[in-house]
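It should be emphasised that the depicted structure is a prediction, and the values quoted were computed from it without experimental measurement. Residues take their numbers from the sequence shown, with the count starting at 1. Side chains are part of it too, since the values below use all heavy atoms of this structure and drop only hydrogens, waters and symmetry mates.
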Amino acid sequence: RVLSKPALVGAAFVRMSLMVLESLVEWSELFPTSCLTAIAVSQFFLIRFLVNATRAVLKSPGAHAYAGSSALVHHGGEQGSNARADGQAAFGADLAQGDRAEAAWARADGRYKHCALRPDIFGEAPPPRYAQDNNDALPLPEMSPKEVAGLAELLARVSDLTPRGVRTDRSTLLPFLRARKGSVKNAEAYYRKAVEYRYDRLRMHELDTHWNLEAYERILAPWWTRGGILGHGLKGQVVGFERFGRCRFAELLDAIPWEILLRLDAVHMQRTLAACEEDSLRRGRPTVATLVLDLEGLGMESLNFKTALAYGKLISYRDMIMPNMVSHILVIRSPKAFAQTFKMFSYILDPVTRDKVQIVSGHEESLACLRRHIGNDMIPAYLGGERCINGDPNCAMILGTADPGPVPEKALRRLRDSIARGEQEQRAARGARLAEDGVVLREREPGFGEGGCLGCCMGPRLKGIVG
């Protein structure tokens, strides 16, 4: 009776924010790296809740009295929509009318997203390849006596994986130990879970030998991910950059099967890990990374439960490939409500996590935040820095296309066609190998029904394999 309707909505919003952030603090005890990005994802829910709730309030009698607050609440969503519209216009009417997919491929957008740590970014060398054998030459960070003892115990616990060709060197296992805050038992369980995902489910150890890289790496390089490795920061750390606001994750989630999207992202993450190890060996120092997430262009279509849940799962899978390697996450050009909410409640996070995550909105504040961690020569010119790639302020050859539009249907169609061709070639190759071994595939005999052995919907099937 005392508070106005907008005040009640705000109070509910504050309570919801506290509940989500408190749960994230508990989660960070087990998932420190995933937690940092999950904080950003969770705020998408909060912003959408506030916008929708306020819209409902404004439809009630007397809504005209709150028109000013409505404009402020809608700022976050409108920022993404307006930025997208402005970017589309700036990108050029010729691309709006022409073939956006062919243009992105011709410009080599995203082709060198994993090569910026090399002395020759655009050399003829192939993308970084992840070493499948143990590499004890990789530099390690300073460890406490407890970590040294824990790492030795962890090495002994997972030694049974080595004969399978699974890497069990110290540089591979230490991040998993730290991700579980020194608990050897929990680190072993987490690493075995990661091995199951990487080696058994996706067979990532065969990425460079058996995977269809035309489909999973090259076709969507301009669009997934819209980011890459920029170079080194002020303290020598690796700088990863992702234009998350333009990645169109919600649309890709609807257009691409989940397992295909996992493979696309797994290629990106394994290339990133390989680039970091390659750089670590070259410079003789362990890998520490800063991740920049540019939220400009983030629209309300991304703020839904399905999208946030899927992205959270994707982050958990990424953490199985590169756990506990990010020292700072800089979320820039975020919707203003997003940044303000985080500032209001970040005090309940522990100081270490609070220092790792910085969320800012606005161009000037975002540029100042970047300059505290990254040299101006490494900041893309489109943000106010000096970095251009072949005169391009968007650094599209590293960060992917600057086109704010959706992934072209032509690119998605080419992806589907390439995957289908690859599967056909694999089946043909398998048949050839079996034929060389004297194995004959015999078609089903008449009488089994046109739909299969029982005439059901499973389709024509082979009766069996006989020698």
Side-chain angles (χ1 to χ4, degrees), residues 87 91 100-101 103-130 213 216-234 236-249 264-265 267-280 282-283 287 289-297 318 322 325-326 329-330 332-333 366-367 370-371 373-404 407 411:
F91 201 73
R100 294 167 46 240
W105 290 323
R107 291 190 304 266
D109 289 353
R111 184 179 299 175
Y112 301 95
K113 63 180 65 179
H114 308 109
C115 301
L117 299 177
R118 292 173 170 174
D120 183 8
I121 298 177
F122 308 109
E124 297 297 325
R129 294 189 173 187
Y130 180 68
L213 294 179
Y216 295 115
E217 182 170 33
R218 291 186 280 274
I219 291 178
L220 288 192
W223 300 279
W224 186 264
T225 63
R226 298 204 193 190
I229 300 175
L230 275 178
H232 297 108
L234 294 176
Q237 78 276 23
V238 173
V239 177
F241 197 102
E242 187 170 344
R243 300 188 74 166
F244 182 78
R246 294 194 177 188
C247 76
R248 317 292 289 210
F249 180 70
L264 290 167
D265 200 66
V267 172
H268 167 61
M269 293 305 298
Q270 183 149 302
R271 294 289 190 222
T272 301
L273 178 58
C276 290
E277 291 192 348
E278 183 182 279
D279 179 69
S280 180
R282 182 168 47 247
R283 295 195 299 156
T287 297
T290 294
L291 175 61
V292 180
L293 295 175
D294 183 0
L295 298 192
E296 180 272 325
R318 285 183 173 186
M322 292 186 67
M325 289 190 176
V326 176
I329 293 182
L330 312 178
I332 63 171
R333 302 205 297 174
S366 296
L367 182 58
L370 291 176
R371 285 174 172 166
H373 299 269
I374 309 169
N376 209 48
D377 59 332
M378 281 293 161
I379 299 175
Y382 84 89
L383 289 170
E386 301 174 356
R387 187 74 185 274
C388 289
I389 302 296
N390 289 342
D392 174 23
N394 289 289
C395 305
M397 295 177 77
I398 293 178
L399 301 183
T401 181
D403 180 356
V407 179

Okay, side chain of [X], backbone of [Y]: is any donor-acceptor separation there less than 3.5 Å?
| X | Y | value |
| --- | --- | --- |
| R271 | P128 | yes |
| R118 | G123 | no |
| T272 | H268 | yes |
| K113 | T225 | yes |
| T401 | A104 | no |
| W105 | I219 | yes |
| R226 | R246 | yes |

**OP:** For the pair L234 and R371, evaluate side-chain contact (heavy atoms from CB on, under 4.5 Å) and give the outcome as yes or no after the intermediate values.
**Re:** CA-CA 9 Å; L234 294 176; R371 285 174 172 166; over 6 Å; no

Give me the atom names and distance for the closest heavy-atom approach of [X] to [Y].
| X | Y | answer |
| --- | --- | --- |
| M378 | H232 | CG-O, 3.5 Å |
| N394 | D392 | N-OD1, 3.0 Å |
| G233 | V239 | N-CG2, 3.5 Å |
| A116 | I398 | CB-CD1, 3.9 Å |
| L367 | G385 | CD1-N, 4.4 Å |
| D294 | E296 | OD1-N, 3.1 Å |

Are [X] and [Y] packed together at the side-chain level, in the sense that at least one heavy-atom pair is separated by less than 4.5 angstrom?
| X | Y | answer |
| --- | --- | --- |
| L273 | M325 | yes |
| Q237 | H373 | yes |
| V238 | L117 | yes |
| R107 | P222 | no |
| L230 | P380 | yes |
| V292 | I374 | yes |
| T290 | L330 | yes |

Original post:
Going by distance alone, is a donor N or O of one side chain under 3.5 Å from an acceptor N or O of the other, for N376 and R387?
Top reply: no

Roughly how far apart are [X] [atom1] and [Y] [atom2], rounded to 0.5 Å?
| X | Y | atom1 | atom2 | result |
| --- | --- | --- | --- | --- |
| L370 | I379 | CG | CD1 | 5.0 Å |
| L213 | Y216 | CG | OH | 10.0 Å |
| Y112 | M397 | OH | CE | 5.0 Å |
| C395 | D109 | SG | CG | 11.5 Å |
| H114 | E217 | NE2 | CD | 7.0 Å |
| E278 | C115 | CD | SG | 8.0 Å |

**OP:** Assign the ring pair Y382 / F241 to parallel, tilted or perpendicular, where the plane angle (0 to 90°) is split at 30° and 60°.
**Re:** perpendicular

Original post:
If you measure from the Lys or Arg side-chain nitrogens to the Asp or Glu carboxylate oxygens, is any gap between E277 and R283 under 4.0 Å?
Top reply: no

Original post:
Can R318 and D265 be said to form a side-chain contact (heavy atoms from CB on, under 4.5 Å), step by step?
Top reply: CA-CA 8 Å; R318 285 183 173 186; D265 200 66; 2.8 Å; yes

**OP:** Give the C-alpha distance, both sets of side-chain angles, the deciding distance and a yes or no for side-chain contact (heavy atoms from CB on, under 4.5 Å) between E242 and L293.
**Re:** CA-CA 5 Å; E242 187 170 344; L293 295 175; 3.9 Å; yes

**OP:** Tell me, please, whether F122 has R111 positioned over its six-membered ring: NZ or CZ under 6.0 Å from the ring centre and within 45 degrees of its axis?
**Re:** no

**OP:** I would like to know whether L264 and V267 meet side-chain contact (heavy atoms from CB on, under 4.5 Å); could you show each step before the answer?
**Re:** CA-CA 5 Å; L264 290 167; V267 172; over 6 Å; no

